[in-house]
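Have a look at the structure that comes next, please.
The chains referred to below are lettered A, B, ... by the order of the sequence lines, with proteins before strands, and numbering in each begins at 1.
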Number of protein chains: 2
Amino acid sequence: MGNSRITVREIARLAGVSVATVSRVSNGTGQVSAEMRRRVLEAIEAHGYRPDHLGRALAARKHGAVGLVFPGLSGPYFTELIQGFESEAVRAQASVHILCTHLREDSDSQVLEMARRVDGVAVLGGTVSDEALRQLASRVPVVVLAGVGPAGVPSVRAENTAAMTELTRHLLVEHGLRRLAFVGSPDGSPDVSERWAGFQAAHRELSLPDPDAPLRLGLQQQDGVLAAERLLSGQPAPEAVVCANDETALGVLVGALGRGLRVPQDIVITGFDDAPISALVSPGLTTVRQPVRELAAETARRILTASDDPIDGGPEDVLLPTELVIRHSCGCPATDNP
Amino acid sequence: MGNSRITVREIARLAGVSVATVSRVSNGTGQVSAEMRRRVLEAIEAHGYRPDHLGRALAARKHGAVGLVFPGLSGPYFTELIQGFESEAVRAQASVHILCTHLREDSDSQVLEMARRVDGVAVLGGTVSDEALRQLASRVPVVVLAGVGPAGVPSVRAENTAAMTELTRHLLVEHGLRRLAFVGSPDGSPDVSERWAGFQAAHRELSLPDPDAPLRLGLQQQDGVLAAERLLSGQPAPEAVVCANDETALGVLVGALGRGLRVPQDIVITGFDDAPISALVSPGLTTVRQPVRELAAETARRILTASDDPIDGGPEDVLLPTELVIRHSCGCPATDNP
DNA sequence: CGGTTAACTGAAACCGGTTACAGGCACCAT
DNA sequence: ATGGTGCCTGTAACCGGTTTCAGTTAACCG
C-alpha cells in the first residue's frame, strides 16, 4: 500500500542484495539469477516500490518529457493538434509539457527555460522569435509545427498555398464569382500567410485585378461573426467570403444566417481545416482538409527519435498533403460528402 | 554561447571556489563575500551556466511541475480551463504536464504514473475512477476540478444546479414555455449531471410533469447540430432547447437557422458557460456565466500551495458562483448585454 | 586436474545539484 | 594574551537512481 520514500537501497537491504541487483531486476537489464530475482521482486511487491523518476532521469540524463509551445488555445485546430501530439508522446511514455505564450512578453525566456526540463520541443509556427528558436535548437531537438523556422530547425507542416489557390480558382472559375473577401491576418501566423498568398496567386494566374486587402481578424469563431458584421452591412457586400480557417467561416456563417441571408445563394462562404463540424452544418462548408492530428503526431515522433538517437535525424522538412473538400457553401449542389 | 554539460563543479573549478559557494551565489542563499561573488558570477556569465533542473529537483525532492488531467479537449470550455491553469502555474515557475485520457482504457495507471513526475495534480471531474483518485491523493496533492471526488480529495467547481434551475424557471415562468428539451448526457460529466438536476428541479418546484429524458449527446458543437436534426424534425418539436453547454447550443442554433427557423420566435435555445462567442451571435445566447478561467486558476493555486507547504491545507471544497445571463435567444427583448 | 570462460554479484563511482557541519579568520571584550 | 562571536568558506554527505568494473563461483574443456 505505502509507496513513497522507499528507495532502491531500502529494497536492496530488505532483499539482502545489492542496489545494483535491484536496479537490474527493476529494469530487466543484465543477468540476474532466479533466486535473486525472486527475492527482489518479493520485496518490491511487498512495499509497492517504483523507482523514482527524478533519480532515474538524472542518471540517464534524459527527462522523459517533451514540450509543446503554442501561442494560445482556440478552437478545434489547436485541440486536435494537442491531442495528436499528446497521444504520440504518451505512446512513448513521455510526458507532455505545455507552454502557452499568449500575450506574455517574456515568452522567449520561458521557452528557453522549458528546454531545460524536456528532451525536445515542438513550437507552433510564429510563436517565438527565430533567435529564440536558434538558441532553443542549440540545447534540445526542436521542430517547428505548422510553420518554418530559421535554417537548421526542421519543420512539419501542411500544404497551404496550392490548396488555397485551388479553392480560390474553384470560386472564380467554376462559380464565376468575382468580389471575394479574405478574412484573416497574414502576418498573424505562417499558415494564414501562405493561404493569403494562395488566394492572391489564383487571382493573378487568372489575370484578375488584385483582391482587396484581407480583413485582418483573429482565427476564432467570434472573429468570423465580427467579419460578417463588417462585410455584410457594407456596400457592396462581397460575393464570397474566403476565410483563413473553418472557425471564422462558421462565425461568418452564423452571422450571415442570423441576418437572414441564404448561403450559398446570397453569399458564398469557405473555410480551411475541415473541422468535424464543417461537414454537419447546413449548408456543408466547402473547405480544405488538413491532417492536423497527423501533423502533430509526426512532429512528436520526430522529436522523440531525435532525442533518443544521438545522430542528427537531419533537418528534413516534412510537408503533408491537403485536399480540397467541396460541399455546398460554395454553391456546388449539396452532397452527402462527409 | 555554449551552455550544456557545464556543471556546478566545473564553475567552481574555474572560479577557484567550492561548489557550495557556487550554489550559494546562484541561489542567493547564505553569505558570500563580494570578491567571491564576483568571481563566481564572472565564471557563470562567461560560460552561460544555468543549474541543471534535474539535479536541483532531485536535491529538493520537488519536481517544479504540476499536472492537469482531462478526458479530452473540445471547445472553449476546455481551452479556457487549460489556459487558466497554465498561466497560474507559469506564474509560480512550475511547468504544466498534461494528460488526455480520452478513449484510453489504461488511463488510471497513466494518471498514477504522472503522479511520479509532478508535485500535484488537477483532475477534471469524471475523468478517472474514485479509486485511482484515492491512490493519486496518497502520493501527491490532488484537486478535482469541476466535479467532486471521494472523501478527502478537495474540489473546485462552479454552482451548476441552482443556476440551471433559475434559467429553467425563467423559461417556464417568464416565457410560459412548456415543452423543454434538455440536450446533454447527465452521466457523462458531473457538470451536466448537476445541470440536468437543476432542470428537473425547476419543473418539480412548479409542479409540472417531469420533463422528457435528456437527449444524450456529447458537448461539442457538432453534437448540437445533431440535436437540432433530431429535435426539429420530430413532431412535436419542443418549444425550447436547453443545452448542457454553449457549444451544443451554438450547434443547435446553427442547425435551427440552417433549416429556416427563427430564434427565438420559432424555437428558444439556451446554453451554459457563456463562451465569448455567445454574446456575439445573433440572437445573443441566453446562458449562465461560469468563471472557468478563475476556476482553473484557483485549482492551480491550491495545488501549488499544497505542494509547497507540508501542512495540509485542508480538503475544503471551493464553490464559485455563477450568474444567469439573459440575452435574446430565450425570447427576451434583444439588448446590448455583452 | 589445471586453465578458461561465462554467469552472476556487489562496491563504488557516477549523474548535477543542495546543504549540514566544521574550520579558519578577524574582531572584540575581558 | 585569551576566549568568544560572527562571518565566510570548503569538505563531504546527501537526493535516488544507473552502471562500470573487478571479483567470485561454477561449469566446461583439454
Taken to the nearest whole Å, CE/A/M36 to C1'/D/dT24 is 13 Å
So, is A/R56 near the phosphate of D/dT18, with a side-chain N or O under 4.0 Å from OP1 or OP2? yes
Look at the side chain of B/A20 and decide which nucleotide, out of C/dC15, D/dG17, D/dT11, has an atom nearest to it. D/dT11
A/R24 or A/V8, whichever maps to the more 5' nucleotide of DNA chain D: A/V8
Could you tell me if the side chain of B/I82 sits less than 4.5 Å from the side chain of A/I98, heavy atoms only? yes
Pairing of A/E294 and A/R301 as salt bridge, 4.0 angstrom limit: yes
What is the distance from CZ of A/R13 to C1' of C/dG10, rounded to the nearest Å? 17 Å
Measure distances between side-chain N and O atoms of B/R9 and base N and O atoms of C/dG17, and say whether any donor-acceptor pair falls under 3.5 Å. yes
Describe the nucleic acid contact of B/S33 in one word from base, sugar-phosphate, nothing, applying a heavy-atom distance below 4.0 Å. sugar-phosphate
Note down the inter-axis angle between the two ends of the helix from C/dC1-D/dG30 to C/dT30-D/dA1, five pairs each, to the nearest 10°. 60°
Within the 4.5 Å heavy-atom criterion, are B/R24 and B/Q31 side-chain neighbours or not? no
Expressed as a whole number of angstroms, how long is the span from A/R39:CZ to C/dG10:C1'? 13 Å
It should be established whether B/R61 places a side-chain nitrogen or oxygen under 4.0 Å from OP1 or OP2 of nucleotide D/dG16. yes
Between the OG atom in A/S74 and the NE2 atom in A/H102, the distance rounded to the nearest 0.5 Å is 8.0 Å
Short question: side chain of B/R139, backbone of B/A115 - any donor-acceptor pair under 3.5 Å? no
Quick test of your reading of the model: are B/E42 and B/R39 salt-bridged, counting only N-O distances below 4.0 Å? no
Any side-chain heavy-atom pair from A/V66 and A/V121 closer than 4.5 angstrom? no
In whole angstrom, give the distance that lies between atom NZ of B/K62 and atom P of C/dT19. 13 Å
For the pair made of CZ in A/R117 and C1' in C/dG16, what is the distance, rounded to whole Å? 15 Å
D/dT18, D/dG10, D/dC15: which one has an atom nearest the side-chain heavy atoms of A/N27? D/dT18
Given DNA chain D, 5'-ward residue of the pair A/D52 and B/A34, judged by closest heavy atom: B/A34
If you assign each of A/S18 and B/L54 to its closest nucleotide in DNA chain C, which residue comes earlier from the 5' end? A/S18
Of all the choices, D/dA12, C/dG10, D/dG17, which nucleotide is nearest to the side chain of B/V19 once you look at every atom? D/dA12
Would you indicate, yes or no, if D/dG16 has its OP1 or OP2 atom less than 4.0 angstrom from a side-chain nitrogen or oxygen of A/T7? no
Nearest to the side chain of B/L58, which nucleotide is it out of D/dG17, D/dG10, D/dC15? D/dC15
D/dG10, OP1 or OP2 - any side-chain N/O from B/T21 closer than 4.0 Å? yes
Just N and O in the side chain of B/Q31: are any of them under 4.0 Å from OP1 or OP2 of D/dC7? no
Rounded to whole angstrom units, what separation is found between the NE2 atom of A/H63 and the C1' atom of C/dG17? 12 Å
Once you round it to whole Å, what is the distance between C1' of C/dT9 and CZ of A/R37? 13 Å
Report yes if the side chains of A/S26 and A/R56 come closer than 4.5 Å at any heavy-atom pair, otherwise no. yes
